[in-house]
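Comments concern the structure below.
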There are 4 protein chains.
Amino acid sequence: MQSEARSGRPVIGRPRSEGSREAILAAVRDLLLKGGYASLTFEGVAKRAGVSKATIYRWWRSKGELVLEASGDAIRIGLVPDTGDARADIVAAIDQLIGTFSNRLASIVIFAAITTAAEDRAMAQALRDRIIYPWRRSAAEALERAQERDELAHNDIVFLLDLIVGTVFQRTLVVKDPVVEGLKDNLMAIVLRRRDSGPTGSG
Amino acid sequence: MQSEARSGRPVIGRPRSEGSREAILAAVRDLLLKGGYASLTFEGVAKRAGVSKATIYRWWRSKGELVLEASGDAIRIGLVPDTGDARADIVAAIDQLIGTFSNRLASIVIFAAITTAAEDRAMAQALRDRIIYPWRRSAAEALERAQERDELAHNDIVFLLDLIVGTVFQRTLVVKDPVVEGLKDNLMAIVLRRRDSGPTGSG
Amino acid sequence: MQSEARSGRPVIGRPRSEGSREAILAAVRDLLLKGGYASLTFEGVAKRAGVSKATIYRWWRSKGELVLEASGDAIRIGLVPDTGDARADIVAAIDQLIGTFSNRLASIVIFAAITTAAEDRAMAQALRDRIIYPWRRSAAEALERAQERDELAHNDIVFLLDLIVGTVFQRTLVVKDPVVEGLKDNLMAIVLRRRDSGPTGSG
Amino acid sequence: MQSEARSGRPVIGRPRSEGSREAILAAVRDLLLKGGYASLTFEGVAKRAGVSKATIYRWWRSKGELVLEASGDAIRIGLVPDTGDARADIVAAIDQLIGTFSNRLASIVIFAAITTAAEDRAMAQALRDRIIYPWRRSAAEALERAQERDELAHNDIVFLLDLIVGTVFQRTLVVKDPVVEGLKDNLMAIVLRRRDSGPTGSG
DNA sequence: AATTAACCGAGACGGTACGTCAGGTCTTGAC
DNA sequence: GTCAAGACCTGACGTACCGTCTCGGTTAATT
């Protein structure tokens with residue numbers, strides 16, 4: 001969101017101070033981890049980063065943009081590999097999802113994004129484009145590969161994606177169940193056609 | 001949360017004005033529907049309800065409490081019936097979930113609750129106690145009845161509940177897919193042991 | 001300006017804090033004497049008075065109003081007496097003018113008022129109504145009494161008033177001549193018909 | 001103030017752009033006439049002149065200097081001639097004063113100068129050197145010529161100068177009386193010894 | 001013609017103050 | 001004892017200018 005704009009800027013005038021930029025983003029991260037999204041303020045970021053408010057406003061128009069850029073790779077879910085083993089690929093996809101959702105900074109940002117998204121279209125779009133959709137596309141491909149080999153227990157891939165994301169979200173971020181090991185196995189049992197015996201579990 | 005406090009108040013002195021209470025809650029509903037949770041302010045509620053801020057603060061300590069009480073039945077998911085037909089009961093449970101999540105006022109409140117919950121333990125507890133848990137308990141019973149008849153495709157009932165809630169949440173509130181008809185069928189196909197032929201769907 | 005408004009306020013609600021009011025006005029006086037009008041800021045007044053900016057803005061809409069009220073009696077020129085001795089009365093009028101213009105706080109306020117007046121009609125009006133006009137009216141009466149006894153050297157009383165005020169302003173506030181003793185005598189010699197010998201002076 | 005600095009600059013290197021200089025001074029004049037001194041900003045001048053802020057700061061250190069130079073001849077009161085007719089010379093002196101004080105741009109600058117002078121010694125000096133003192137010296141000479149012929153009604157020439165300047169300032173810039181015709185006659189009657197009949201006027 | 005020093009535009013930057021808004025708390029008099 | 005009114009301190013909002021500071025590029029007299 002910002003990098004594109006930056007690279008497109010004219011080369012005249014005093015160049016942007018990368019030191020300030022880094023100080024700001026670091027301050028955002030620190031404050032998010034310390035007090036969450038709601039209590040994050042431009043004023044506080046400016047003070048902690050040793051930067052003027054105007055400098056922040058010059059480059060980020062909203063708290064959302066700021067947080068999205070500050071969180072950086074923490075919320076960037078890795079792409080799902082294509083190893084030839086569809087089952088392993090899907091396991092990897094779920095692992096990546098759980099890994100990101102379990103990251104504290106990421107969870108704060110994801111909550112913030114979901115909430116803000118309800119009132120801010122641009123933010124919602126950015127959230128989808130940066131966090132979920134890249135993973136979703138590569139995860140969809142992994143599911144398609146499984147489907148071609150008739151390994152999938154369900155034909156509606158979009159539904160399966162919503163199921164996986166929704167269940168992981170519910171378990172890690174809403175219920176905050178720290179034991180997520182069973183989660184992955186259970187999801188695999190749901191998604192893939194059972195080969196011989198059904199999965200076990202205790203509710 | 002509030003009713004307890006209220007019933008514990010002294011019986012002498014001027015009684016609480018029910019008119020004010022209703023005006024406040026109505027104002028909250030109006031303002032939530034108009035501008036969402038983030039732009040809801042005590043100041044604005046007081047102005048619209050024709051009430052002083054102090055009166056609101058006397059009875060509700062936070063925006064969360066206020067919203068939770070104002071939303072009232074809109075977010076109260078009905079209990080799952082026991083008709084003897086486990087399949088029908090589970091369908092009813094999912095319907096209730098989708099119905100509530102599709103309600104505009106309820107969706108605003110649920111978002112607010114989830115977000116606030118990340119920073120406010122009391123709010124998180126209230127959310128669970130009032131919105132999800134009653135449904136969850138009776139839905140669990142319906143699933144148990146199905147399990148006893150060996151109709152369930154999966155043994156981990158807690159997992160199934162998270163799966164149902166998470167998927168519905170994802171589809172209705174995050175992706176905001178207005179077509180939720182297939183959602184119910186797909187969920188049923190996942191939850192219940194397939195009787196003859198597998199379910200169909202196209203993502 | 002403020003007292004009228006205050007007395008006309010409704011008797012309901014929390015009454016205005018007189019302590020805050022006095023602290024604010026004292027802070028304004030201190031800061032004016034320390035740094036002049038230009039460097040006086042709402043922010044600074046709030047800080048020094050231990051008061052919030054909003055409280056200042058609630059009661060005074062502009063720096064001008066604030067300064068005008070803070071200066072209070074320092075800029076209020078006394079009324080000219082009617083002792084029966086027209087010459088003595090006019091001397092008193094000039095003394096009052098010089099006395100006020102020589103007061104440091106008053107001079108700051110008068111400068112501010114004149115300057116602001118160029119861009120703020122209300123301020124100009126307030127300046128005239130509070131500082132100059134009351135004096136001017138009673139001074140005009142003293143001049144008229146002298147005129148009736150044929151003691152005036154000039155028939156145009158309005159001109160004489162402008163002459164007195166203008167000359168005193170020029171000498172005390174623009175040229176900042178600390179020796180103003182001759183000023184009074186010289187003005188008297190100009191205003192009154194010479195009785196026997198002409199006035200003397202050496203510039 | 002500026003010419004000295006400019007003439008002392010090195011003769012090598014790129015010479016100062018006179019186009020920028022003129023654009024800046026013209027912008028200052030426009031903005032002064034449009035919004036007065038208080039709302040004049042370096043930022044605004046730079047924008048309107050199509051010039052960078054740094055260029056303005058390079059040549060003028062303060063708003064005062066900028067305005068003083070921009071106003072140029074508008075505030076430069078002409079020298080009083082020596083025609084041999086002392087009365088006519090004094091009339092000319094007063095006319096020049098009234099003429100300058102009635103000029104809109106000049107009046108803005110004079111107010112600005114007086115105000116700034118209260119807090120800025122250098123500005124006060126510049127104001128005196130450029131606006132009032134040249135006129136004052138030549139007007140003093142005209143009064144001295146009249147004094148030598150015993151035409152002066154008052155011996156204190158410095159006082160008379162303050163009286164003239166003060167009264168004209170008061171009438172034209174404070175009271176803003178547009179009818180200044182009587183002003184000149186009245187001042188002449190005060191300054192010069194009456195020859196036969198006394199002056200007339202109606203207050 | 002090449003060098004060179006000063007000029008200039010653009011604009012980022014740390015600041016200070018602006019005027020506004022809402023959060024919570026309080027004080028008063030009326031009911 | 002509750003209520004409406006509303007004053008109050010606090011703290012953040014988003015904006016405007018301040019005066020300073022790089023930059024990339026231009027301009028003309030001096031070599």
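Letters A, B, ... mirror the listed sequences (proteins, then strands); counts begin at 1.
In this structure, OH of Tyr57(D) is placed 9 Å from C1' of dT20(F), rounded to the nearest angstrom. Look at CD1 on Ile56(A): it is 9 Å from P on dC13(F), rounded to the nearest Å. The distance from atom CH2 of Trp60(D) to atom C1' of dC18(F) is 18 Å, rounded to the nearest whole Å. Residue Leu66(B) contributes atom CG, which lies 11 Å from atom P of dG23(E) at whole-angstrom precision. When the C1' atom of dC13(E) is taken as reference, atom CD of Glu18(A) falls 14 Å away, rounded to whole Å. In this structure, Trp59(C) places its CH2 atom 7 Å from C1' of dA7(F), rounding to the nearest Å. To the nearest angstrom, P of dC13(E) lies 11 Å from CZ of Arg21(A).
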In sequence, state the C-alpha distance, the side-chain angles, and the governing distance for Ile114(D) and Ile114(C), and then conclude on side-chain contact (heavy atoms from CB on, under 4.5 Å). CA-CA 10 Å; Ile114(D) 289 179; Ile114(C) 288 178; over 6 Å; no
For Arg16(A) and Trp59(A): C-alpha separation, side-chain torsions, deciding distance, then whether side-chain contact (heavy atoms from CB on, under 4.5 Å) applies. CA-CA 10 Å; Arg16(A) 179 174 187 183; Trp59(A) 299 104; 3.4 Å; yes
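On a pure distance criterion of 3.5 Å, a polar donor-acceptor pair joins the side chain of Arg14(D) and the base of dT26(F). Applying the 3.5 Å distance criterion, the base of dG15(E) shares no donor-acceptor pair with the side chain of Lys53(A). Donor-acceptor pairing under 3.5 Å, judged by distance alone, is absent between the side chain of Arg16(D) and the base of dC7(E).
Two rings, from Phe111(B) and Tyr37(B), have their centers 6.0 Å or more apart.
The distance from the OG1 atom of Thr41(C) to the NZ atom of Lys53(C) is 9.0 Å, given to the nearest 0.5 Å. Expressed to the nearest 0.5 Å, how far CD1 of Ile75(A) lies from CD1 of Ile108(A) amounts to 12.0 Å. The CH2 atom of Trp60(C) sits 4.5 Å away from the CD1 atom of Ile24(C) when rounded to the nearest 0.5 Å. Considering CG of Asp30(B) and CG of Leu25(B), their distance stands at 11.0 Å, rounded to 0.5 Å. Put simply, CG on Leu32(C) and OG on Ser71(C) are 8.0 Å apart, with the number rounded to the nearest 0.5 Å.
Listed pair Ser52(A) / dG15(E) fails the phosphate criterion, with no side-chain N or O lying under 4.0 Å from OP1 or OP2.
At a non-hydrogen distance threshold of 4.0 Å, Thr41(C), Phe42(C), Glu43(C) from residues 40-48 of chain C come into contact with DNA chain E. Residues from residues 24-33 of chain B lying near DNA chain F, meaning a heavy-atom separation below 4.0 Å, are absent.
Take the nearest nucleotide of DNA chain E for Ser20(D) and for Pro15(A): the residue whose nucleotide is more 5' is Ser20(D). Nearer the 5' end of DNA chain F, as judged by each residue's closest nucleotide, is the contact made by Gly50(B), out of Ser39(D) and Gly50(B). The nearest heavy atom of DNA chain F to Val51(C) and to Lys63(A) marks one nucleotide each, and the one closer to the 5' end goes with Val51(C).
Ranking dC8(E), dG14(F), dT10(F) by closeness to the Ala54(C) side chain, first place goes to dT10(F). With dG14(E), dA7(F), dA10(E) as the candidates, the nucleotide lying closest to the side chain of Thr55(A) is dG14(E). The side chain of Arg58(B) has dT2(F) as its nearest neighbour among dT28(E), dT2(F), dG9(E).
Here the closest non-hydrogen pair linking Val28(C) and Ala70(C) is CG1-CB, 3.4 Å.
Here the options are Arg130(D), Arg21(D), Arg29(D), the test is salt bridge (Lys or Arg N to Asp or Glu O under 4.0 Å), and the partner is Glu69(D); only Arg21(D) passes.
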